[in-house]
Chemist: 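Take this structure first; my questions come after.
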Amino acid sequence: MRILLTGGCGFIGSAVIRHLIRNTDHSVLNVDCMTYAASEDTISEVAGDPRYSHARANIVNGVEMQRLFEEYRPDAVMHLAAESHVDRSIDGPGIFIQTNVVGTYSLLEAARKYWNTLGDAEKKAFRFHHISTDEVFGHLEPNDPPFTETTPYDPRSPYSASKASSDHLVRAWFHTYGLPTFVTNTTNNYGIWHFPEKLIPLVTINAIEGRDLPVYGKGENVRDWLFVEDHAEALVKAVETGKPGETYAIGARQPRTNLEVVKKICAILDELQPDPAGPRERLIRFVTDRPGHDFRYEIDPSHAEKELDWKATHDFESGIRKTVQWYLDNRAWWEGIRSKRYTGQRLGASK
């Protein structure tokens with residue numbers, strides 16, 4: 001299979017590319033315009049493989065997308081390119097609308113024009129796989145059942161609203177034009193090569209450096225955590241076997257409060273690299289909550305597990321330990337980011 005994958009130098013996209021090259025015979029064209037959170041280091045181990053290529057292009061540019069489809073002639077699309085940080089969407093929502101909404105539209109139209117040139121068998125086999133988030137479903141109260149594929153949409157932030165918009169476009173192109181699209185929604189991912197503005201890498205790096213560990217509100221907000229390499233495996237199974245018009249909610253059944261996550265990171269670091277100044281929980285600082293902070297996300301992945309013949313192999317304890325160890329072993333990567341692109345400052349405090 002020839003796969004056109006967008007956002008392949010990002011956190012989840014790079015994990016998918018590494019999985020594709022390591023574990024399948026598929027070829028992949030990585031379409032990534034290299035925004036602040038992208039890093040070619042994330043795919044360095046597979047970049048020399050003849051089945052991998054990279055086009056530095058922006059999905060918003062419809063003409064450029066159409067050219068790439070015509071030249072590469074993919075059998076499938078995996079659309080991961082997105083602005084994804086809620087706090088940044090609060091400070092500057094415009095780029096989220098451009099990338100996540102307009103960019104998805106441009107990609108859908110380029111795919112549709114290309115798909116219409118294919119023969120009947122190729123048309124039937126083609127897939128447009130749109131990767132999305134559980135945040136489009138809004139938030140859950142403590143006793144609410146987890147999200148499923150049929151949960152009504154109720155986005156609460158500029159980020160989740162832009163992703164909800166893109167999900168609707170993808171489904172509309174299926175129903176209106178017959179383009180064989182489907183959607184996967186996932187829980188919070190964590191793991192290696194994660195840009196250090198997100199909770200787990202930020203807390204891990206701050207704790208290594210002895211900095212304050214900021215926790216929103218009382219740290220009671222709940223997220224359902226999925227190790228990124230498990231997610232990558234699920235996404236590849238989805239593009240191989242997913243059915244047009246379907247939705248697959250992908251998760252690992254591992255909800256934790258933010259405070260539990262931070263304390264677990266502290267405990268692992270205290271074991272692996274003790275701080276002479278004392279246990280790292282002393283660094284936890286409760287800060288003003290961000291506007292519109294959803295209380296709880298959690299997915300019931302039963303449908304995806306059955307239909308994709310997949311289940312997460314990492315529990316949270318093994319996954320977070322592997323993640324923390326990776327950040328200890330790869331200081332050069334995140335220190336370079338800290339010195340040039342993101343120093344760890346708070347984002348999304350706008351009112």
Chemist: Describe, in one word, how the ring planes of F316 and W225 are oriented to each other, choosing from parallel (under 30°), tilted (30 to 60°) and perpendicular (over 60°).
Modeler: tilted

Chemist: Looking only at atom types and distance, does a side-chain atom of R56 sit under 3.5 Å from a main-chain N or O of D32, one as donor and one as acceptor?
Modeler: no

Chemist: Calculate, to the nearest 0.5 Å, the distance between atoms CG and CG belonging to L213 and L202 respectively.
Modeler: 8.5 Å

Chemist: Between CD1 of I59 and CD of Q98, what distance do you get to the nearest 0.5 Å?
Modeler: 10.5 Å

Chemist: In sequence, state the C-alpha distance, the side-chain angles, and the governing distance for S318 and D315, and then conclude on side-chain hydrogen bond (donor to acceptor under 3.5 Å, both in side chains).
Modeler: CA-CA 6 Å; S318 63; D315 59 27; 2.8 Å; yes

Chemist: Where does the angle between the aromatic ring planes of Y153 and F137 fall among parallel (under 30°), tilted (30 to 60°) and perpendicular (over 60°)?
Modeler: perpendicular

Chemist: Within a radius of less than 6.0 Å around NZ of K123, do more than 12 heavy atoms belonging to other residues, nucleotides or ligands occur?
Modeler: yes

Chemist: Return the CG to CE distance between L108 and M65, rounded to the nearest 0.5 Å.
Modeler: 12.5 Å

Chemist: Would you kindly check if the NZ (Lys) or CZ (Arg) of R2 is within the cone defined by 45 degrees around the ring axis of Y72 and under 6.0 Å from the six-membered ring centre?
Modeler: yes

Chemist: Has the side chain of S165 got a donor or acceptor atom that lies under 3.5 Å from a matching backbone atom of V101?
Modeler: no

Chemist: Distance alone, cut at 3.5 Å: any donor-acceptor contact between the side chains of H314 and Q254?
Modeler: no

Chemist: How are the rings of Y216 and H293 set to each other: parallel, tilted or perpendicular (split at 30° and 60°)?
Modeler: perpendicular

Chemist: Checking salt bridge (Lys or Arg N to Asp or Glu O under 4.0 Å) for the pair R256/E317: CA distance, chi angles, key distance, verdict?
Modeler: CA-CA 11 Å; R256 299 288 189 282; E317 283 65 29; 3.1 Å; yes

Chemist: Quick check: does any side chain N or O of E64 sit under 3.5 Å from a backbone N or O of A57, one acting as donor and the other as acceptor?
Modeler: no

Chemist: Return yes when atom CG of D329 has more than 12 non-hydrogen atoms of other residues, nucleotides or ligands closer than 6.0 Å, and no otherwise.
Modeler: yes

Chemist: Is it the case that the side chains of H303 and E246 hold a donor-acceptor pair, with the cut-off being a distance below 3.5 Å and no angle test?
Modeler: yes

Chemist: Can you find a side-chain donor-acceptor pair between S157 and S160 that sits under 3.5 Å?
Modeler: yes

Chemist: Is the backbone of N61 close enough, under 3.5 Å, to the side chain of N58 for a donor and an acceptor to pair up by distance?
Modeler: no

Chemist: Looking at N221 and D294, would you say the former's side chain and the latter's main chain have a donor-acceptor pair under 3.5 Å?
Modeler: yes

Chemist: Do R282 side-chain atoms and G278 backbone N/O form a donor-acceptor pair below 3.5 Å?
Modeler: yes

Chemist: Quick one: does any side-chain atom of N206 pair with a main-chain N or O of D212 as donor and acceptor, under 3.5 Å?
Modeler: yes

Chemist: Ion pair present between E209 and R338, side-chain N to carboxylate O less than 4.0 angstrom?
Modeler: yes

Chemist: When you measure from the side chain of R223 to the backbone N and O of T187, does any donor-acceptor pair fall under 3.5 Å?
Modeler: no

Chemist: Is it true that a side-chain atom of N30 and a backbone atom of G8 form a donor plus acceptor pair closer than 3.5 Å?
Modeler: yes

Chemist: Among side-chain atoms of Y327 and N330, is any donor-acceptor pair under 3.5 angstrom?
Modeler: no

Chemist: Using the six-membered ring wherever Trp is involved, compare the ring planes of Y159 and F96 and label them parallel, tilted or perpendicular (cut-offs 30° and 60°).
Modeler: perpendicular

Chemist: Going through the distances and angles, do K237 and E305 end up as a salt bridge (Lys or Arg N to Asp or Glu O under 4.0 Å)?
Modeler: CA-CA 10 Å; K237 287 202 171 190; E305 289 174 342; over 6 Å; no

Chemist: Are side-chain N/O atoms of E197 and Y36 paired as donor and acceptor at under 3.5 Å?
Modeler: yes

Chemist: Decide whether S14 and R18 meet the rule of one side-chain donor and one side-chain acceptor closer than 3.5 Å.
Modeler: yes

Chemist: Within the supplied structure, the quantity of interest is the number of heavy atoms (other residues, nucleotides, ligands) at a distance under 6.0 Å from K264 NZ; does it exceed 12?
Modeler: no

Chemist: Begin with the C-alpha distance, continue with both residues' side-chain angles, and end with the deciding distance and a verdict on side-chain hydrogen bond (donor to acceptor under 3.5 Å, both in side chains) for H130 and T181.
Modeler: CA-CA 7 Å; H130 176 62; T181 69; over 6 Å; no

Chemist: Determine, for R22 against E45, whether the closest basic-nitrogen to carboxylate-oxygen distance falls under 4.0 angstrom.
Modeler: yes

Chemist: Does L68 offer a backbone N or O that forms a donor-acceptor pair with the side chain of E71 under 3.5 Å?
Modeler: no

Chemist: Using the salt bridge (Lys or Arg N to Asp or Glu O under 4.0 Å) definition, which of the options D230, D300, D224 pairs with R253?
Modeler: D300

Chemist: More than 12 heavy atoms of other residues, nucleotides or ligands under 6.0 Å from OH of Y105: is that the case?
Modeler: no

